[in-house]
There are 2 protein chains.
Amino acid sequence: MSETGRPSVLIVEDESALCTLLRYNLEREGYRVFEARNGDEALVVAAESSPDLIVLDWMLPELSGIEVCRRLRARGESRNVPIIMLTARGEETDRIRGLDTGADDYIVKPFSMSEFLARSRAVMRRVRPGLVEDVIALGDINMDRVNHRVHRGTRELHLGPTEYRILERLMQNPGRVFSREQLLDTVWGTEVYVEARTVDVHIGRLRKTLNQSGERDPIRTVRSAGYSFDETFAN
Amino acid sequence: MSETGRPSVLIVEDESALCTLLRYNLEREGYRVFEARNGDEALVVAAESSPDLIVLDWMLPELSGIEVCRRLRARGESRNVPIIMLTARGEETDRIRGLDTGADDYIVKPFSMSEFLARSRAVMRRVRPGLVEDVIALGDINMDRVNHRVHRGTRELHLGPTEYRILERLMQNPGRVFSREQLLDTVWGTEVYVEARTVDVHIGRLRKTLNQSGERDPIRTVRSAGYSFDETFAN
DNA sequence: GAATCCCGTCATTAATCTGTTATATTGAGA
DNA sequence: TCTCAATATAACAGATTAATGACGGGATTC
């Protein structure tokens, strides 16, 4: 079963060795990793997997890194995804600095892995606080992702693995509506085939545990669209 | 993903072999390790990862160790981070001693790993008490890491090496859930290949010894996630 | 060198979770 | 208010996951 609720990264890099190294280290840090070998592939994978962060090599065969960057920025889905550029020393460094490429940060090769990881974390924290935050607190609901504990007020909740992950996903993006299909993709993973209605059942179970004592339901059903964590609940 | 509750160290060292050695041993001790190859990188990584301790080579290409030290001290974020200097024998030793470099301690190369770890622990104990204590006491369980003795109440427990290390790892971070893979990495090491389920067996053995007299079980199983030392047990 | 201890694996059992389906309920639009 | 599609819920069987006991081999100790 694929682990989810994790921040995901798309690596766009044609040099295979570097790619593997980055993947290894990012996965060690708890990221989910996608790869693309060239610009075209990058656009496809970005659209399909909608990563939380894109690491983009400046020098790519065919479509250049900067062009990929532009196209990603032009599309709705990927417009706000942070991008870290990898550049060789001296290679257009100043132009990158000056140009509005739309990249959020860039790193000059060769770079140390810890520097790279530190920057990734920094970018991620800035753009998606919920994704890398250790504890997420919304209203009287508190999820500690390090200790794997969920509290409503002082009451500790016992959630099954799937319920936990669904809640995690919803709380990471309060207010955002997830379709059943999206939840299946991110919570269950793309490999498994599960009936869409199954999501309803788990949402039901989650609600039951969440609202045991008759509290206000923090999960909003959006008819014919999906579910979301009610953002008005957080206040 | 940012891991908290774990002491972190930044190694600034251009000699790759030494760097690897230090990293290996520090990680074994439960530290989170960042690396930098030169002074500039050190400043960047220090700012981004805000380590609890910096191990700084005196001789660095470009920016010298002492200069890095000064700059770190000049900046708000890193002003109070303890620094351990690594120096070659005879190399400016007296001047370091005399100068107000801002370093907290220094070690002359070559040095024994246990001396290095002892000093790191000493510095860390000052800055992050609790994470590197010689004796860890949680509830009625007491682990003396110097004498390698574990007591539950007055009863001394006999643990095998592996059980001891697992318990150590768990007690260093009460509450934090470790996956089987993480435990394998930190307790067994990354080189050996061991079945993930083997962790279960050792946890079982640990529990058996821990709860001989029918006491409350301090180890929490988190289904499909791993194990943790129950932090509510400590109260 | 024998005895002991410790370890890793496996098979079995126990506990818990999961996906599906059938049925009830809800809600929006006619 | 009625209708119909969408959602909620309960129940169940099967699947996963964890706990436990047993065993052989290898290391360690005396």
Side-chain angles (χ1 to χ4, degrees), chain A residues 1-5 148 150 156-170 177-212 214 216-228 230, chain B residues 148 150 156-170 177-185 187-212 214 216-228 230:
Chain A
M1 177 171 341
S2 99
E3 285 182 78
T4 49
H148 268 259
V150 180
E156 175 162 8
L157 309 180
H158 177 73
L159 299 175
T162 307
E163 278 90 70
Y164 180 90
R165 270 184 258 124
I166 292 177
L167 181 62
E168 184 179 28
R169 192 91 186 107
L170 295 181
V177 178
F178 291 91
S179 70
R180 282 159 243 274
E181 287 70 25
Q182 285 175 320
L183 285 174
L184 285 173
D185 275 359
T186 58
V187 172
W188 275 260
T190 47
E191 303 89 11
V192 247
Y193 282 93
V194 173
E195 217 46 54
R197 292 271 132 232
T198 301
V199 175
D200 299 28
V201 177
H202 280 279
I203 289 283
R205 287 169 179 157
L206 179 53
R207 279 183 169 138
K208 193 182 200 172
T209 311
L210 237 32
N211 314 328
Q212 266 165 339
R216 170 173 169 204
D217 183 11
I219 294 179
R220 187 166 61 108
T221 301
V222 182
R223 194 159 236 259
S224 78
Y227 300 96
S228 83
D230 190 340
Chain B
H148 268 254
V150 180
E156 175 161 6
L157 309 180
H158 177 71
L159 298 174
T162 308
E163 279 89 70
Y164 179 88
R165 304 200 61 198
I166 292 177
L167 182 61
E168 182 181 28
R169 191 95 186 91
L170 295 181
V177 175
F178 292 92
S179 70
R180 282 159 241 273
E181 286 71 24
Q182 285 174 321
L183 286 174
L184 286 173
D185 274 1
V187 172
W188 276 261
T190 47
E191 303 87 11
V192 272
Y193 178 74
V194 174
E195 210 59 45
R197 290 271 142 230
T198 301
V199 175
D200 298 29
V201 179
H202 280 279
I203 288 283
R205 287 168 180 160
L206 180 52
R207 278 184 170 136
K208 194 186 215 170
T209 311
L210 237 31
N211 314 328
Q212 267 165 339
R216 170 173 169 204
D217 183 11
I219 294 179
R220 183 169 66 112
T221 301
V222 181
R223 190 165 237 254
S224 84
Y227 299 95
S228 82
D230 190 338

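In what follows, every chain begins at residue 1, and chains take the letters A, B, ... in the order their sequences are listed. Since this is a predicted model, take the numbers as computed values, not measurements.
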For this session: Look at the side chain of A/Tyr227 and decide which nucleotide, out of C/dG8, D/dA8, D/dA18, has an atom nearest to it.
Result: D/dA8

For this session: Check the distance between D/dG24's C1' and B/Glu195's CD and give it to me in whole angstrom.
Result: 17 Å

For this session: Select one nucleotide: of D/dA19, C/dT18, C/dG27, the one nearest the side-chain heavy atoms of A/Arg223.
Result: C/dG27

Problem set entry | Selection from C/dT20, D/dA19, C/dC7 that lies nearest to any side-chain heavy atom of A/Thr198 | C/dT20

For this session: Measure from CG on A/Asp200 to P on C/dT25 and round the result to the nearest Å.
Result: 17 Å

For this session: Between D/dT7, C/dT9, C/dG19, spot the one nearest the side chain of A/Trp188, thanks.
Result: C/dG19

Exercise. Is there a side-chain contact between A/Arg207 and A/Thr221, using heavy atoms and a 4.5 Å cut-off?
Worked result: yes

For this session: For A/Arg180, report the nucleic acid contact type (base, sugar-phosphate, nothing); a contact means any heavy atom under 4.0 Å.
Result: sugar-phosphate

For this session: Measure from the side-chain heavy atoms of A/His158 and tell me the nearest of C/dT16, D/dT9, C/dC10.
Result: C/dT16

For this session: Could you tell me whether the phosphate oxygens of D/dT7, OP1 or OP2, come under 4.0 Å of any side-chain nitrogen or oxygen in A/Arg197?
Result: yes

For this session: Go through the steps for A/Glu163 and A/Val150 under the test side chain to side chain contact (heavy atoms under 4.5 Å, CB included), then give the verdict.
Result: CA-CA 11 Å; A/Glu163 278 90 70; A/Val150 180; over 6 Å; no

Exercise. Which whole-number value in Å describes the distance from B/Leu210 CG to D/dT20 P?
Worked result: 13 Å

For this session: Would you mind telling me which residue lines up with the more 5' stretch of DNA chain C, B/Thr162 or A/Tyr193, judged by nearest nucleotide?
Result: B/Thr162

Exercise. How are the rings of A/His148 and A/Tyr164 set to each other: parallel, tilted or perpendicular (split at 30° and 60°)?
Worked result: parallel

Exercise. Rounded to whole angstroms, how far apart are CD on A/Glu163 and P on C/dT16?
Worked result: 15 Å

Exercise. Taking atom P of C/dC6 as reference, at what distance in whole Å does atom NE2 of B/His202 sit?
Worked result: 11 Å

Seminar exercise, completed: Distance col, row B/Leu206:CG vs B/Ile219:CD1, nearest 0.5 angstrom, shows 4.0 Å

Exercise. What about B/Arg205: does its side chain form a donor-acceptor pair under 3.5 Å with the base of C/dG8?
Worked result: yes

For this session: Mind running side chain to side chain contact (heavy atoms under 4.5 Å, CB included) on B/Leu210 and B/Leu167 for me, showing each step along the way?
Result: CA-CA 10 Å; B/Leu210 237 31; B/Leu167 182 61; 4.3 Å; yes

For this session: Quickly work out the B/Arg207 CZ to D/dG21 C1' distance and round it to whole Å.
Result: 16 Å

Seminar exercise, completed: Per atom distances to the A/Thr221 side chain, the nearest of D/dT7, D/dG21, C/dG19 is D/dT7

For this session: Measure from CD1 on A/Ile203 to C1' on C/dG19 and round the result to the nearest Å.
Result: 15 Å

Exercise. Atom CG of B/Leu159 and atom C1' of C/dC6: how far apart are they, to the nearest Å?
Worked result: 12 Å

